[in-house]
2 protein chains.
Amino acid sequence: MTTNPATSPDVRRRRDPEATRAAILEAAEELFLKLGPADTPTSRIARQAGVTKSLIHHHFGSKDDLWDEVKRRHFGQYYEAQRTMLASSQGTAEMLRDSLVGYFRFLQQDPHAVRFMSWRFVEEGDDACKTQEDELFELGIERVREAQDKGELRADLEPISIIKSFLAMAMHWFQSKPLLCQMLGPEADVDALEERYLDDVVKIFLDGVRPRDKQPD
Amino acid sequence: MTTNPATSPDVRRRRDPEATRAAILEAAEELFLKLGPADTPTSRIARQAGVTKSLIHHHFGSKDDLWDEVKRRHFGQYYEAQRTMLASSQGTAEMLRDSLVGYFRFLQQDPHAVRFMSWRFVEEGDDACKTQEDELFELGIERVREAQDKGELRADLEPISIIKSFLAMAMHWFQSKPLLCQMLGPEADVDALEERYLDDVVKIFLDGVRPRDKQPD
DNA sequence: ACCCTAACTGGCCGGCCGGTCAATAGCGTA
DNA sequence: TACGCTATTGACCGGCCGGCCAGTTAGGGT
């Protein structure tokens with residue numbers, strides 16, 4: 001699992017730039033996210049990928065370039081998943097619930113995704129995912145507007161607020177999950193808590209975001 | 001502003017360990033949060049503090065110890081602020097709104113606070129703030145339970161879910177704010193958007209979290 | 001068969017970084 | 001005034017890390 005000999009074939013062909021690139025990217029992604037880009041020596045990435053350090057520079061240039069490529073590749077997957085999710089959605093309240101659950105499940109099943117976002121929050125400079133993320137954001141706002149026009153969503157809310165709180169609810173759970181586990185101790189059933197959180201957040205968010213049958217106060 | 005000559009008196013007394021420690025901590029906090037702990041050389045902290053690198057090791061031991069101390073000091077302030085806020089609160093819906101607004105304002109006025117949390121999310125090992133954070137968490141849960149008992153909050157929600165979504169709503173905005181600014185460009189009025197977000201989130205959260213006058217479907 | 005491109009290797013270097021240490025000099029105290 | 005403690009200094013070190021380079025070899029095109 002650690003030293004990666006090949007991708008599909010039994011034995012790595014003696015020259016296989018594709019497999020080499022893949023092995024380096026895989027090792028780099030794991031180590032960068034685990035230790036942080038600055039605390040990850042290229043030598044260690046090379047060792048884990050079963051490759052010489054020079055090959056990293058041969059295929060990717062510098063260490064920073066490799067980090068960029070790792071981000072780009074992973075965000076590409078995220079982008080595709082979210083794009084199809086947004087494209088297939090209709091502007092109804094059910095769709096909003098499904099989107100929330102779907103997004104939560106997506107983050108749940110891909111722990112790397114949240115760590116990527118965390119690192120993007122912490123770094124300051126521009127990054128390679130900018131344009132794709134903008135596109136998703138615009139698409140999401142469009143969907144929200146549609147739902148508002150249909151009366152499925154409260155019209156007195158700024159779409160940006162809805163998108164942002166949507167993302168916050170899902171992302172923050174997984175961002176703070178390690179700290180929560182550490183706090184509750186190893187005997188706690190965090191998985192059950194996670195399901196409960198999803199249920200509750202769906203309730204809170206949907207009830208808060210849908211038009212009220214009767215406006216109080 | 002950068003090289004710190006003294007705290008209160010006009011001239012830094014030639015021997016002033018208190019001021020020295022303070023200058024180092026201040027410079028370290030700024031640089032650690034800006035560049036990240038791993039990318040911040042002690043030499044640069046020393047330069048910015050107007051102090052020799054050796055003094056850092058003299059007063060704080062190692063670089064890691066300094067980082068721990070910076071976290072401990074800053075989290076202490078956060079802890080005090082949140083503790084008084086939680087202690088003074090009553091278990092009513094108005095209190096919940098005030099808490100949300102108050103917490104938002106707190107993060108708004110202290111940008112370092114969110115960056116600290118971001119770094120804690122990204123690091124894995126134990127940290128020095130553990131016990132204090134646990135205390136705040138327990139206190140918050142207690143308050144939520146009180147409000148639920150009074151019927152001011154829906155009883156079908158797990159208190160942890162309420163706390164977590166509460167924190168998520170406020171924190172995520174500031175975590176992703178730099179990316180949002182970068183996306184919207186320099187001409188956008190992000191401050192107005194921020195106020196709007198706070199308004200909307202208060203609506204969403206309170207409407208979602210309060211018992212419904214009439215339960216739909 | 002030849003060759004040329006590019007994948008791949010091992011060794012190496014310059015630089016920076018965290019940390020140490022011996023020496024110096026203020027400051028409180030007796 | 002003399003002493004001792006410690007804040008402070010600057011020089012220094014060992015190690016690691018990112019990157020480079022000269023050389024080797026596989027493989028594909030002609």
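Everything quoted here is computed from the prediction, not taken from an experiment.
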I want to know whether [X] and [Y] have ring centres closer than 6.0 Å.
X        : Y        : answer
A:His74  : A:Phe32  : no
A:Phe104 : A:Phe174 : yes
A:Phe205 : B:Phe205 : no

Worksheet item: Between the side chains of B:Gln148 and B:Arg145, does any donor sit under 3.5 Å from an acceptor?
Response: no
Worksheet item: Do the side-chain N and O atoms of B:Trp67 and B:Glu29 include a donor-acceptor pair separated by under 3.5 angstrom?
Response: no
Can you tell me the distance, in whole Å, between the [atom1] atom of [X] and the [atom2] atom of [N]?
X       : N      : atom1 : atom2 : result
B:Leu35 : C:dC17 : CG    : P     : 11 Å
A:Leu55 : C:dG11 : CG    : P     : 15 Å
A:Ile56 : C:dG10 : CD1   : P     : 14 Å
B:His57 : C:dG18 : NE2   : P     : 7 Å
B:Arg21 : D:dT6  : CZ    : C1'   : 14 Å
B:Glu18 : C:dC27 : CD    : P     : 15 Å
A:Asp16 : C:dT9  : CG    : P     : 12 Å

Worksheet item: Of the residues in residues 58-70 of chain B, which ones touch DNA chain C at a heavy-atom distance under 4.0 Å?
Response: B:Ser62, B:Lys63
Fill in: Pair listing, side-chain hydrogen bond (donor to acceptor under 3.5 Å, both in side chains) test, anchored in residues 50-63 of chain A, at least two apart
A:Ser62-A:Asp65
Worksheet item: Would A:Asp127 and A:Arg120 pass as an ion pair if we require N to O under 4.0 Å?
Response: yes
Worksheet item: Which listed nucleotide (D:dG10, D:dG19, D:dC17) is nearest to the side chain of A:Pro41?
Response: D:dC17
Within the structure, does a side-chain N or O atom of [X] lie under 4.0 Å from either OP1 or OP2 of [N]?
X       : N      : value
B:Ser43 : C:dG18 : no
B:Ser54 : C:dG19 : no
B:Thr20 : D:dA7  : no

Worksheet item: Below 3.5 Å, does any donor atom in the side chain of A:Arg15 face an acceptor in the base of D:dT25, or the other way round?
Response: yes
Worksheet item: Going by modelled atom types, is there a donor-acceptor pair between the base of D:dG10 and the side chain of B:Lys53 at under 3.5 Å?
Response: no
